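Everything below concerns the one structure shown next.
The shown structure was predicted, so the numbers you read here are calculated from the model rather than taken from an experiment. Here is how names work: the chains are called A, B, and so on, in the same order as the sequence lines, proteins then strands, and each is numbered from 1. Side chains included, hydrogens not; waters and symmetry mates left out as well; all remaining heavy atoms used.
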Amino acid sequence: MKLQIRGGRVIDPANGIDQVTDLFIAYGRITALGEAPDGYTPDQVIDAGGCYVLPGLVDLAARLRQPGQEHKATIASETRAAAAGGITALCCPPDTVPPIDSPAEINLITRLAKAAGQAKVFALGALTADLKGELLSEMAALKAAGCVGVSNTLRPVTTTLVLRRAMEYAGSHDLTVFLHPIDFELANQGCAHEGAVASRLGLPGIPAAAETAAIGQQLALIEQTGVRAHFCRVSTARGAAMIQRAQYDGLPVSMDVCAHQLYLTEIDIGDFNSLCHTQPPLRTLRDRDGLRQCLGRGSIAAISSDHQPHEEDAKLAPFPATEPGISALETLLPLTLQLVDDGVLTLEEAVRRITCGPAQILGLSAGTLSVGAAADVCVYDPEQPWTLDERSLLSAGKNTPFLGWEFAGRVTHTLVDGRVAFELTA
Amino acid sequence: MTLHYPAPGASPASIQITREGRLKHFLTIEGLNRALITEILDTAESFASMNDQSVKKVPLLRGKTVINLFFEASTRTRTTFELAAKRLSADVLNINIGQSSAVKGESLLDTLRNLEAMYCDMFIVRHADSGASQFIAHHVAPHISVLNAGDGRHAHPTQAMLDMFTIRRHKGDFTKLRVAIVGDILHSRVARSQIHALNILNTGEVRVIAPKTLLPAEVEKLGVHVFHDLEQGLRDVDVVIMLRLQKERMQGALLPSEHEYFQLYGLTEERLKVAAPDAIVMHPGPANRGVEISSRVADGPRSVILEQVTNGIAVRMAIMSMVMGANPGGAA
């Protein structure tokens, strides 16, 4: 199978390419850029005139809800939604039911993802057994089964001693530790940012210090153990600045921010809008602007979707009783590109944050259009305005506060291993 | 089913007012205008005079069914709502849900749907979660009105209205008043509603007095002056509102002991001397004597605590009749 993508603006930050040209694909791989290889006759041509041709997006965090929560979503439904959003590789955190703490879960997920044949799925393994934060998981076995890192997700590690040992053990196996910076005592079961809005609405608050205190402690342990670490979904300006400083000091740390934290703030909770119930919570305008600054400086190397699809009932309750999270696969690309219009990032840098940036954090070779690389490609028409509504969402989760938002452009084709996984129908 | 979610950034309380500016639900004080609050107080005044008469019933809500839907225990609030509804000739059903349905796995929405099927006209709701009454108002059948009898730490608007009613009866004009609210503001839905009501009524100065552990973040943005010292905070105030201190606050390391709390924030006759000579003392009840207030003050000449309870009936009658669109003009 040979496929030619003709006349698009090819943007490949990893190789410093931004030019209008043709992309040639054969047998699942990118074979040439610009000039067709000798004797190349395409079976299919995609006319990408006026479109961006991007590396397929890489998402650092998407809950697929399988195994264990198939009433919310499945690997099949969510990888299809990912492809519709231009995402060709995604990483699922280990807080499935049961958690990903043995090769069995990784094998199951890999099998289901292969069968679905859409976006590629990579898994993080549990940092501690059953994510209980008490005993180490069998990290060597997890790594052998293919996990791309280890994390305790949004569950507490019981003591700093266990965290230190888990970091040391992960480091011994050359695994990156993915940390969610939350001091659970300080968070104290809150459900909104501790500030003017939570005070007015009487919602139990999560102070910014719940994040910064955890970052301080985790940075100290990273320095002690020398482990490679990634900070997930940083939500405060102060926290991002602390990690940025650690980077300048030479610590092997990276961080990402989820797209909605670059747009929404505590104010969007408005009149108890449960669609804006997230964890970490939506913070202040200053936090949002601080995160945008760190993104512009490059200290935040990736933007993730933090996709968390829910069934309707999960959001149909009084705010504190609802489940946190946003269905976000299909808004990752439009929200990221909107940052270009907002003057936060150049187009190349914006694309980098959702392709080779996250791929590098995961240690994957994905996120580029290098000749010889897997032909994971996203074709995006920057001038095809649309409005996000429930019907247009392919994800099983319709829980997004961005319903009704207008976006400038949309994905027209997504290729996974040279195969058309998604094509926009008129 | 198509879901209706409030749009992000929707102004709070917008669903409780009809397009014509009438009360449809009564969920929070925030967002109400002064004219409407004054109308509630005036209407309550007409019911209050009626409560002194030997025949205490009016037929304004005859044929209407009111359901007291309490997901959290309450004696005083539930009783005064029940009495108010009965004096308006409504049929009243008390349902104490507590934890039982939650344990059975029935969702709040299921519970609502079942009660709606019983053809009732008004839900009076108390729930432990902030925003619960707003949620219910968003999802009930359109003919049903929802009255918030306390949701989490968010709002207790009828309590705030009866407090305003009591203050107005004693002090008249709010613009010249200094009002201090003392105690656990952080966990208090009563305090939040009082602060909104006092500010909408243009109260001269609203103060909160508490240690930082009992104050919500950025509380000053609600429109109050913050004091950590009781004596400074009480200086020259016309109204002192004491809040109940829940005993479990010691567990959360919010306070060292009841003893120290009373030493620092307990209202005694001695402490009250710095307030205006005719200052009144209020408490939403039930009071912990010897913890936040001494018996001599609670039972003393400045105390209007029992009046608050009595006024609660007239104020709730006024609000119930207004949300049901009944004309209380003939009631007086």
Gap between atom CG of A/Leu201 and atom OG1 of B/Thr28 - 0.5 Å precision: 9.0 Å
Donor-acceptor contact below 3.5 Å, side chain A/Ser199 vs main chain B/Ala217: yes
Atom CZ of A/Arg288 with >12 non-hydrogen neighbours under 6.0 angstrom: yes
Under 4.5 Å from a heavy atom of chain B, the part of A/Pro204 involved: both
Non-hydrogen atoms of A/Gly202 and B/Arg153 that approach each other most closely: O-CB, 3.3 Å
Side-chain heavy atoms of A/Arg200 within contact of B/Pro216, under 4.5 Å: no
Distance in Å, A/Leu203 CG paired with B/Asp129 CG, rounded so as to fall on 0.5 Å steps: 9.5 Å
From CG (A/Asp271) to CD (B/Gln16), nearest 0.5 Å: 9.0 Å
Chain A contact via B/Arg189 - side chain, backbone, both or neither, heavy atoms under 4.5 Å: neither
Top of B/His154, B/His196, B/Glu218 for chain A proximity - count of heavy-atom pairs under 4.5 angstrom: B/His154
Heavy atoms from other residues, nucleotides or ligands near CZ of B/Arg78 exceed 12 (cutoff 6.0 Å): yes
Audit row: B/His138, A/Phe272, side-chain contact (heavy atoms from CB on, under 4.5 Å) steps and yes/no: CA-CA 11 Å; B/His138 270 295; A/Phe272 297 104; over 6 Å; no
Validation row: B/Ser130, A/Phe319 side chains within 4.5 angstrom (heavy atoms): no
Test item: B/Leu108 and A/Pro318 side chains (from C-beta on) under 4.5 Å apart, heavy atoms: yes
B/Arg34: side-chain hydrogen bond (donor to acceptor under 3.5 Å, both in side chains) partners, not counting sequence neighbours: none
More than 12 heavy atoms of other groups within 6.0 Å of A/His71 NE2: yes
